[in-house]
**Student:** 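What follows is a structure written as structure tokens; I'll ask about it next.
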2 protein chains.
Amino acid sequence: MSNPDPSADSSNFALGRLRALLDDSSFEGEERLPPERVLATQIGIGRRALRRALEVLEAEGRIWRHQGKGTFVGPRPAHTPTNLEELSKRTHPLEVMDVRLEIEPALARLAAMRATNGDIERLLRLAEKTASSSDADGRELWDSALHRTIAEAAGNSLLLAIFDMVDRIRQDTAWRLLRERARSGDRQQIYVEQHRRVIAAIAQREAHAAEHAMREHLELVREGLLKVMTSPLPNRMDGQIQETPVTANTKKEIRHGT
Amino acid sequence: MSNPDPSADSSNFALGRLRALLDDSSFEGEERLPPERVLATQIGIGRRALRRALEVLEAEGRIWRHQGKGTFVGPRPAHTPTNLEELSKRTHPLEVMDVRLEIEPALARLAAMRATNGDIERLLRLAEKTASSSDADGRELWDSALHRTIAEAAGNSLLLAIFDMVDRIRQDTAWRLLRERARSGDRQQIYVEQHRRVIAAIAQREAHAAEHAMREHLELVREGLLKVMTSPLPNRMDGQIQETPVTANTKKEIRHGT
DNA sequence: TCATCGAACCACTTGCAAATTGGTTCGGTA
DNA sequence: TACCGAACCAATTTGCAAGTGGTTCGATGA
């Protein structure tokens with residue numbers, strides 16, 4: 001499995017040396033390898049040669065490295081990104097929409113069941129504001145506030161936290177252009193009407209209708225996003241988005257159970 | 001609303017001084033007030049007197065303070081807890097179950113549609129392990145791994161991140177006792193059978209069946225949790241949990257457009 | 001000509017100490 | 001009794017140094 005071409009090793013004996021080290025019990029329990037500079041002098045080769053060998057081992061999945069941290073034996077840990085920047089970098093806009101399609105209809109249903117009268121008043125006021133707002137930025141703000149208020153009205157703090165997390169990713173700068181184009185033109189009127197329907201259903205405590213209306217709304221938003229993304233203009237963005245996830249993944253593969 | 005007893009202000013003129021400062025345009029755009037020590041000397045009073053005045057203003061909601069950060073004008077920001085500790089502290093176990101009931105059936109459905117053959121193999125292996133495990137800790141581990149593998153198989157990194165977030169809160173130490181009691185006894189066999197059904201549906205690409213089976217499973221888990229929580233023993237936990245959730249919601253208010 | 005090396009620099013991460021800030025206690029003073 | 005000043009505590013932020021992998025460059029030598 002590991003070495004179909006032994007000549008590769010013989011030409012570069014650092015690799016063989018390292019394989020021996022890894023197989024050796026000396027690094028059995030050790031997770032972390034010495035720094036490259038140290039390891040290089042220990043083996044008696046240059047750092048560059050050592051790094052070439054390490055690249056092979058990393059590609060094989062026997063070690064993993066991270067700038068600033070070190071080199072470690074074993075498969076790369078699962079690494080669920082916990083900070084938002086990383087998450088938004090490696091999350092595709094469509095993924096976000098899929099998640100919204102799972103979460104927000106449920107939020108609307110819960111809101112219909114548990115919203116307070118104060119919540120409903122706020123929703124009604126927000127709906128007016130959203131409709132009357134003229135510029136794109138204004139719409140964006142009011143729209144965001146509206147969806148968040150529904151999330152609050154659902155009365156589950158954990159779901160609210162999840163909504164906020166998704167929303168912060170959605171608002172990430174990388175997709176601002178996309179969103180702008182997605183909500184351009186006559187769609188805006190439809191969105192307003194759909195919002196109205198969702199809020200009316202919540203106000204009348206019709207849980208199922210609220211869920212359905214919200215899903216319908218988000219499906220339209222998703223469709224608009226899809227249309228914009230496949231259109232010719234924003235190629236630059238396409239590249240930007242589909243490039244970034246690769247950087248860390250040239251070697252990649254999720255390394256969970258394997 | 002603010003000042004039913006004017007003598008309070010006259011006896012402590014720092015309060016009036018501060019009110020003037022806040023109403024003054026000098027702090028119109030300013031969020032942050034000077035440090036207490038500076039502000040005290042500026043006004044010409046002692047720090048303790050200043051702090052009493054600040055306490056009043058904070059109670060009125062005109063300012064908010066945070067140790068190590070400073071004193072700020074305006075209502076305390078919404079504060080969606082972003083770190084896990086805080087979230088688990090103020091999240092009720094039933095809230096977590098409600099969220100799982102929203103998320104995981106969707107994950108199961110997506111997994112049925114998008115799981116790779118490798119995913120399915122892993123699931124089948126995990127199901128065996130879960131069934132064969134005898135002690136409670138072992139079951140807990142395998143169960144967790146099983147649910148996470150399903151989440152991975154769904155193929156949406158953002159949903160996976162959300163699942164991980166919820167799962168970490170679920171695993172928080174505070175509820176370990178509860179969970180242990182909840183999965184005691186004969187329920188365990190039913191859980192195993194339900195897991196088997198979910199996995200079978202995923203393996204046969206029956207999205208709807210997978211979603212339904214997962215929901216059924218989680219509803220039973222929820223019921224078990226409910227039964228345990230209403231039983232007499234863990235009263236101490238009840239108090240601890242039901243205190244917290246109020247704090248964040250007393251003022252709420254979104255800070256987007258306004 | 002090519003591979004290798006050593007050195008220097010860049011980018012990221014960690015850890016720690018200092019500074020800043022609100023929170024609290026204490027004794028002195030009018 | 002009320003206030004003040006000082007000192008200390010605790011939480012947070014900031015800045016810096018060290019250590020690490022990632023990269024580039026010129027020198028060396030086969």
Side-chain angles (χ1 to χ4, degrees), chain A residues 7-18 30-59 62-74 76-77 79 81-86 89-90 244 246-252, chain B residues 7-18 21 30-59 62-74 76-77 79 81-83 85-86 89 247:
Chain A
S7 70
D9 269 29
S10 64
S11 75
N12 177 355
F13 88 114
L15 231 180
R17 205 75 175 67
L18 276 176
E30 300 287 343
E31 269 194 331
R32 182 176 194 159
L33 288 180
E36 290 184 354
R37 292 161 177 83
V38 176
L39 196 54
T41 58
Q42 276 184 1
I43 301 183
I45 59 175
R47 197 175 154 217
R48 187 176 176 114
L50 171 66
R51 282 182 56 72
R52 261 203 300 278
L54 290 176
E55 282 166 15
V56 176
L57 292 177
E58 187 176 29
R62 302 194 54 175
I63 64 169
W64 63 278
R65 304 181 283 177
H66 192 347
Q67 185 171 343
K69 284 183 177 177
T71 305
F72 303 83
V73 186
R76 184 182 299 269
H79 177 58
T82 173
N83 60 42
L84 287 174
E85 294 174 26
E86 226 171 311
K89 261 191 296 184
R90 62 184 70 218
T244 38
V246 187
T247 50
N249 294 351
T250 46
K251 39 294 290 239
K252 80 133 122 215
Chain B
S7 71
D9 267 30
S10 64
S11 76
N12 178 357
F13 87 115
L15 230 180
R17 208 75 176 69
L18 276 177
L21 258 184
E30 299 286 344
E31 271 194 329
R32 183 178 195 158
L33 288 180
E36 291 184 354
R37 292 162 177 82
V38 176
L39 196 53
T41 59
Q42 276 184 2
I43 301 182
I45 58 176
R47 197 175 154 218
R48 189 178 175 119
L50 171 66
R51 282 182 57 72
R52 260 203 301 277
L54 290 176
E55 282 166 15
V56 176
L57 292 177
E58 186 177 29
R62 302 194 54 174
I63 63 169
W64 62 278
R65 305 180 282 176
H66 192 351
Q67 185 172 343
K69 284 183 176 175
T71 305
F72 303 84
V73 186
R76 185 182 300 269
H79 176 59
T82 172
N83 60 42
E85 294 174 26
E86 229 170 309
K89 260 191 296 185
T247 51

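Only a predicted model underlies this, so the values are computations on that prediction, with no experimental measurement involved. Residue numbers start from 1 in every chain, and the chains themselves are labelled A, B, ... in the order their sequence lines are given, proteins ahead of strands.
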**Student:** Looking at side-chain heavy atoms only, is the closest gap between A/Q42 and A/L39 below 4.5 Å?
**Tutor:** yes

**Student:** A/I43 has an atom CD1; how far is it from atom P of C/dG6, in whole Å?
**Tutor:** 13 Å

**Student:** Has the side chain of B/R32 got a donor or acceptor atom that lies under 3.5 Å from a matching backbone atom of B/K69?
**Tutor:** yes

**Student:** Return no unless some side-chain N or O of B/T71 is found under 4.0 Å from OP1 or OP2 of C/dT21.
**Tutor:** no

**Student:** Side-chain donor or acceptor of B/R47 under 3.5 Å from a matching atom on the base of C/dG23?
**Tutor:** yes

**Student:** Above 12 or not: heavy atoms from other molecules or residues under 6.0 Å from CZ of B/R62?
**Tutor:** yes

**Student:** If each of B/R48 and B/Q67 is mapped to the nucleotide of DNA chain C with the nearest heavy atom, which maps nearer the 5' terminus, i.e. the 5' end?
**Tutor:** B/Q67

**Student:** Can you measure B/W64 atom CH2 to C/dT21 atom P for me and round it to whole angstrom units?
**Tutor:** 15 Å

**Student:** Quick one: label B/G46 by what it contacts on the DNA or RNA (base, sugar-phosphate, nothing), any heavy atom closer than 4.0 Å.
**Tutor:** sugar-phosphate

**Student:** Distance check needed: D/dT23 P versus A/R51 CZ, whole Å only.
**Tutor:** 6 Å

**Student:** For B/R52 and C/dG22, give me the distance from atom CZ to atom P, rounded to whole Å.
**Tutor:** 17 Å

**Student:** Between C/dG22, D/dA11, D/dG21, which nucleotide has the shortest distance from any of its atoms to the side chain of B/H66?
**Tutor:** D/dA11

**Student:** Distance from A/L50 atom CG to A/L33 atom CG, nearest 0.5 Å?
**Tutor:** 9.0 Å

**Student:** Between P on C/dG23 and CG on B/L39, what's the gap in Å once rounded to a whole number?
**Tutor:** 13 Å

**Student:** What's the CG-P distance between A/L54 and D/dT23, to the nearest Å?
**Tutor:** 13 Å

**Student:** What's the spacing between A/L57 CG and A/R52 CZ if we round to 0.5 Å?
**Tutor:** 13.5 Å

**Student:** Is A/R37 side chain donor-acceptor paired with the C/dG6 base, going by distance under 3.5 Å alone?
**Tutor:** no

**Student:** If you find the nucleotide of DNA chain D closest to A/G68 and the one closest to B/G44, which residue's nucleotide is nearer the 5' end?
**Tutor:** B/G44

**Student:** From the set C/dT21, D/dT13, C/dT14, return the single nucleotide nearest to any side-chain atom of B/P35.
**Tutor:** C/dT21

**Student:** Over how many whole Å does the gap from B/E36 atom CD to D/dC4 atom C1' extend?
**Tutor:** 15 Å

**Student:** To the nearest angstrom, how far is B/I45 atom CD1 from D/dA2 atom C1'?
**Tutor:** 13 Å

